[in-house]
Undergrad: 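Pasting a structure below so you can have a look.
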Amino acid sequence: EDKVVQSPLSLVVHEGDTVTLNCSYEVTNFRSLLWYKQEKKAPTFLFMLTSSGIEKKSGRLSSILDKKELFSILNITATQTGDSAVYLCAVGFLNTGNQFYFGTGTSLTVIP
Amino acid sequence: KAGVTQTPRYLIKTRGQQVTLSCSPISGHRSVSWYQQTPGQGLQFLFEYFSETQRNKGNFPGRFSGRQFSNSRSEMNVSTLELGDSALYLCASSLVVADTQYFGPGTRLTVL
């Protein structure tokens, strides 16, 4: 059973569009949720959301955490071709140290 | 501050051989985690080390092992390689346990 589910699996948009990526997770002992961007290399860190920090924003990217409904969304406004990547969501649970469970990712393609 | 470094970047091995991968965390980071990334399974947790102790282990066979040295550098070893071990192996470091993880560039292992 998947602990972290991302949707959609893939997305193609035009430059300037706004996109919303989803990440849902199991309830058991939630500790934190991380968003990463992965191009053809290692994942790069975007945001960390916890019980004490449920909304983050950086430039055109923003993310919120809904602890009641057990999901997070990543919003990207005014998309650019450089936003094309796989976006990964990872969830850490209490008492599991640094073991993060990753979703399979959402592949975003931004066309000019 | 230098990021996470991994060596080698690429490896080609044949079935039955063994391999050792190395990871140097960000300076000051004491926690190192290893992940396997494949197209079909996504990112899967292998194990985590903190202060030279393995704290958590994912659901991988005993052929996968690792260790951490006093300077926080970590190695992982895979013995008796199988074709299915072909993957991108990512190392991530964090300042302390349960903190944000920063990934290295990965080692691309191909088993023939």
Undergrad: Identify whether A:Tyr87 and A:Val12 are in the same connected component of the hydrophobic contact network (ILVMFWY, side-chain heavy atoms under 4.5 Å).
TA: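 In one cluster: no.
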
Undergrad: With a strict 4.5 Å heavy-atom criterion, list every residue of residues 38-47 of chain A that contacts chain B, or say none.
TA: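 Residues in range: A:Gln38, A:Ala42, A:Pro43, A:Phe45.
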
Undergrad: Heavy atoms under 4.5 Å from chain A: which residues of residues 43-52 of chain B carry them?
TA: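 Checking residues 43-52 of chain B against chain A gives B:Leu43, B:Phe45, B:Glu48.
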
Undergrad: Could you walk me through whether A:Phe102 and B:Tyr35 pass the ring pair (Phe, Tyr, Trp, His ring centres under 6.0 Å) test, one step at a time?
TA: CA-CA 10 Å; A:Phe102 280 79; B:Tyr35 291 86; 5.3 Å; yes

Undergrad: Give, as side chain, backbone, both or neither, the part of A:Tyr101 having an atom under 4.5 angstrom from any heavy atom of chain B.
TA: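 Answer is neither: A:Tyr101 stays 4.5 Å or more from chain B.
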
Undergrad: Using non-hydrogen atoms only, which part of A:Leu94 is less than 4.5 Å away from chain B: side chain, backbone, both, or neither?
TA: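 For A:Leu94, neither part sits under 4.5 Å from chain B.
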
Undergrad: Under 4.5 Å between side-chain heavy atoms, counting indirect links through other Ile/Leu/Val/Met/Phe/Trp/Tyr residues: same cluster for B:Val32 and A:Leu34 or not?
TA: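 Result: no, two separate clusters.
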
Undergrad: Which atom pair, heavy atoms only, marks the closest approach of B:Gln101 to A:Tyr36?
TA: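 B:Gln101 and A:Tyr36 have their closest heavy atoms at O-OH, 2.6 Å.
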
Undergrad: Let me know if B:Thr100 has heavy atoms under 4.5 Å from chain A in its side chain, its backbone, both or neither.
TA: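 Answer is both: backbone and side chain atoms of B:Thr100 are under 4.5 Å from chain A.
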
Undergrad: Count the heavy atoms of every other residue, nucleotide or ligand shown that sit under 6.0 Å from CZ of B:Arg63, and state whether that count exceeds 12.
TA: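 For B:Arg63, atom CZ is crowded (more than 12 foreign heavy atoms under 6.0 Å).
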
Undergrad: Are more than 12 heavy atoms from other residues, nucleotides or ligands located less than 6.0 Å from atom CG of B:Leu83?
TA: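 Yes, enclosed.
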
Undergrad: Under a single-linkage definition using a 4.5 Å side-chain heavy-atom cutoff for Ile, Leu, Val, Met, Phe, Trp and Tyr, are A:Trp35 and A:Leu11 assigned to the same hydrophobic cluster?
TA: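 Yes, because A:Trp35 and A:Leu11 connect within a single hydrophobic cluster, where side-chain heavy atoms sit under 4.5 Å apart.
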
